[in-house]
Every structure is written in C-alpha cells, then in structure tokens.
**Student:** 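First, the structure itself, so that you have it in front of you.
Since the model is a prediction, treat every value here as computed from it, not as a measurement. As the structure lists them, so they are numbered: ligands from 1, and atoms in each ligand from 1.
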Amino acid sequence: MLRVPGGLCLNILVCGGAGYIGAHMVKRLLQEGHEVVVLDNLSTGHREAVGDASLVVADLLDAEKVERTLRTTAFDAVLHFAAMSIVADSMRDPYAYHQNNVVGTLNLLRAMRTVRVDKLIFSSTAAVYGMPRQHVLDEQHPVEPINPYGATKLAVERLLEDASRAYGLSSVSLRYFNAAGADQEGELGESHQPETHLIPNILRSALGMDPALRIFGSDYPTPDGTCVRDYIHVDDLVDGHACALRYLDRNAGVFRFNLGSGEGYSVAQVLEAARRVTGRPISVEVEARRAGDPATLVASRELAGRELGWEPRKSDLDSILSSAWRWHCKPRY
Ligand code: UDP
C-alpha cells in the first residue's frame, strides 16, 4: 500500500490507533512493514486492538506527554483518529467535545511543529456539511454543521488551513461518511459502549443481545421513509489514508476529500440485507426521529477518485454486513 520501490519503511504516529478505524489502519501499516507508535487514552479504544504496535497511553490534552512521544522517533507523518464522535453526546456536552477534539488537536499540532513533523492525515466527517442541500454531497457543498461534533471537526479543518499558511504544515482531511464493517480475519471490529450505530445495533438484535432494533423515524422524505446513508467499509477507509499519505509525499498544502461509497442505502434496506446475510429474524420498533439526523447523506467520491486515485472495493452492503457479522459473532474485545 505505502510501499515504494526500495521498500521504504515509514515511521508513523497514529493518534487514536486503539479505536475502531485507527486499529484497522495500524494493522495495515504493520502488515506493510512500517514502524507504528499508537498514542491513545483508551477512553473508547481497546488495548488489544493495537497488535504489535507500541502503545503510549496518553491523552492529547496532556501536551507535555504528547510532545515527549513525538520526540521519541523521527516520525514521517501523523495519522489523527483520536476524537469523541457521538453526535448526541456532543449536543449534551459541547465543552467536552471542543476541549477534547479541538484543544487536543491543537496540542498535537503544536508538538508536531516543535519537533518539525509536517504531514498530517486528519479524520474529519460528513457532519461538517450539516443539512444537505443536494442529494449527493461534493466537497464544494457549504459547511454548516448542525451539531457540536461536526463543529469541532470543522474547527480543526480551519485550524489546518491556518497552520499550512503560517507554519507550512501539509494535511489531508478525510471526510468520512458512515464507517462500517470489520477486517477479513475477524480480529478487529466495531465495539462501542454504549453502541449507537446502526449496523452494530442491527447485529446485536440478530444475536438476541437487544430485543429489537429501534428505527429512528419512518417519515423521512426518502423512498421508504427511513434515513439514507452512505456506508463505507473500514478497509476502504484505510486504503483512503494510504492514498492520502502518498499524496502528501507529492503535494504540499491543505486538502480535503470525501471518503464515501457514493451509494445511499436506507435503514430499511440495511435491515433487509442484514436479515439475508445473518439468516436471523430481526424485530424492529419504529420510534421518533433522532435529533440532528438529516434524511439523506451520500458522498460524491469523484474528487478522491481523481486526485487520490482512491476507489472503494469492499463497500457493497453484503461485504460490509458479512464482515461485521463475523466480528459480532466472535468479538475479541
Ligand atoms: N439508526 C437507527 N437505529 C439505531 C441506530 C441508528 O434507526 O439503533 C439510524 C439513524 O437514525 C441514522 C442511521 O441509522 O439514520 C445511521 O445512524 P448511525 O448512528 O449509524 O450513523 P450516523 O449517520 O448518525 O453517523
């Protein structure tokens, strides 16, 4: 993936590498022979998920420890996945979100400047767009987040623009749509406490861990009344980061790309596919809409295709659901 002729091995710091997406990235980097240091406060991540990477348990709010970690190695780049990411929580406690996601990132950027690491890949989100004005969202769509989570990610994107101008930091912000699925070997998967995401919740119901899937709203202006989302396999997100790293090798500046499949599926369609893949009956209860949920969120992936040469390969619903099902039947943490 990152290999270049001559087998160059990179030193990469992965902040949030014990979390769902970060851990998949770490696994790939290690498979490709790179040196990986994970910095994670383990608030939502799992020690078991980092494999053979060295783990520094630290919070980005601990500026001193962050700088000390950056001084241990001549890092070629930083991949930054560490963030609080639950929309509803961010509505209840915006200070915590701004403190953790914005101030924490500022500490990281300051330390990177001090030790002269000048390449960053940042995990952003489709939530920066707010209420979609069109069916398919490209990167030109206005950014008007409707919740503090999206606002913190946009604040960091803007900070990265300033940092590029003032200090020459090069960065790629990757705006994820709905990350889903698990690695092929069943070693890593999505495990949140409590779980709020659709696919893990569907599978919990399939396993009898929850009595029924609660569908939040069936009166949306979509073909079947349930929300439409763009689900992107976590392995495809990992590919996107690899492309972004290569891109930063050739391009200096500040860049943003959507990472989505470009296909929208409704909650009802995902549920139907899950019944087929799992072979289990899954009961549902329709509830009121969840605050802050837009009816439809679908990515344009044109720019990432053109500039990064990135293309999703595993983001059909069956690949997503069968890999997630394998993990949920036998979670390792
Ligand atoms: N959803 C649902 N039941 C659940 C979890 C999610 O109906 O238990 C719906 C949610 O309202 C949204 C879609 O599934 O329309 C995806 O939600 P998720 O939390 O997975 O991701 P989000 O789009 O909020 O980032």
**Student:** Hey, which of Tyr97, Phe122, Tyr176 is the one that makes side-chain contact (heavy atoms from CB on, under 4.5 Å) with Lys153?
**Tutor:** Phe122

**Student:** Checking contacts here: is it the side chain or the backbone of Arg290 that comes within 4.0 Å of ligand 1, counting heavy atoms only? Could be both or neither.
**Tutor:**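 The answer is the side chain of Arg290.
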
**Student:** Could Asp118 and Arg113 be called an ion pair, given the rule that one side-chain N must be under 4.0 Å from one carboxylate O?
**Tutor:** no

**Student:** Heavy-atom distances under 4.0 Å are what count here, so tell me which part of Tyr231 touches ligand 1: side chain, backbone, both or neither.
**Tutor:**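 For Tyr231, only side-chain atoms sit under 4.0 Å from ligand 1.
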
**Student:** Can you name the atoms of ligand 1, numbered from 1 with element, that are less than 4.0 Å from a heavy atom of Phe216?
**Tutor:**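 So the atoms of ligand 1 that pass are 1 (N), 2 (C), 3 (N), 4 (C), 5 (C), 7 (O), 8 (O), 11 (O).
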
**Student:** Asp293: heavy atom below 4.0 Å from ligand 1, yes or no?
**Tutor:** yes

**Student:** Of the side chain and backbone of Asn201, name the one, both, or neither that has a heavy atom under 4.0 Å from an atom of ligand 1.
**Tutor:** side chain

**Student:** So, Asp230 versus Ser261: side-chain donor-acceptor pair below 3.5 Å or not?
**Tutor:**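 The answer is yes; a qualifying pair exists.
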
**Student:** Would you say ligand 1 has an N or O under 3.5 Å from any N or O of Leu198?
**Tutor:**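 Yes.
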
**Student:** What atoms in ligand 1 come closer than 4.0 Å to a heavy atom of Cys227?
**Tutor:**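 Counting atoms of ligand 1 from 1, those under 4.0 Å from Cys227 are 15 (O).
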
**Student:** Answer yes if Leu174 and Tyr20 sit in the same cluster of Ile, Leu, Val, Met, Phe, Trp and Tyr residues linked by side chain heavy atoms under 4.5 Å apart, and no otherwise.
**Tutor:**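 Both belong to a single hydrophobic cluster.
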
**Student:** Once you restrict to heavy atoms under 4.0 Å, what part of Arg214 touches ligand 1? Side chain, backbone, both or neither.
**Tutor:**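 Near ligand 1, Arg214 shows its backbone, while the atoms from C-beta on stay back.
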
**Student:** Hey, is ligand 1 close enough to Val267 that some N/O pair sits below 3.5 Å?
**Tutor:**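 No; every N/O pair is 3.5 Å or more apart.
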
**Student:** Can you list the atoms of ligand 1 that are under 4.0 Å from a heavy atom of Ile215?
**Tutor:** 7 (O)

**Student:** Checking side-chain polar atoms at under 3.5 Å, does Thr296 have a donor or acceptor matched by the opposite partner on His135?
**Tutor:**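 There is no such pair between these side chains.
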
**Student:** Taking the ring centre of each residue, are His24 and Phe81 less than 6.0 Å apart?
**Tutor:**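 No.
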
**Student:** Considering only the protein, which heavy-atom contact is closest to atom 5 (C) of ligand 1, and what is its distance?
**Tutor:**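 The closest one turns out to be Thr196 O, 3.2 Å.
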
**Student:** Parallel, tilted or perpendicular: which one describes the rings of Tyr129 and Phe177, with boundaries at 30° and 60°?
**Tutor:** tilted

**Student:** Heavy-atom distances under 4.0 Å are what count here, so tell me which part of Asn178 touches ligand 1: side chain, backbone, both or neither.
**Tutor:**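 The answer is the side chain of Asn178.
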
**Student:** For Tyr265, state whether at least one heavy atom is located under 4.0 Å from any atom of ligand 1.
**Tutor:**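 Tyr265 does not count as a contact of ligand 1 under the 4.0 Å cut-off.
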
**Student:** Cation-pi check, Arg289 to Tyr220: give yes when NZ or CZ is under 6.0 Å from the six-membered ring centre and within 45° of the ring axis, no otherwise.
**Tutor:** yes

**Student:** In terms of ring plane angle, is the pair Tyr247 and Phe257 parallel, tilted or perpendicular, where the classes change at 30° and 60°?
**Tutor:** perpendicular

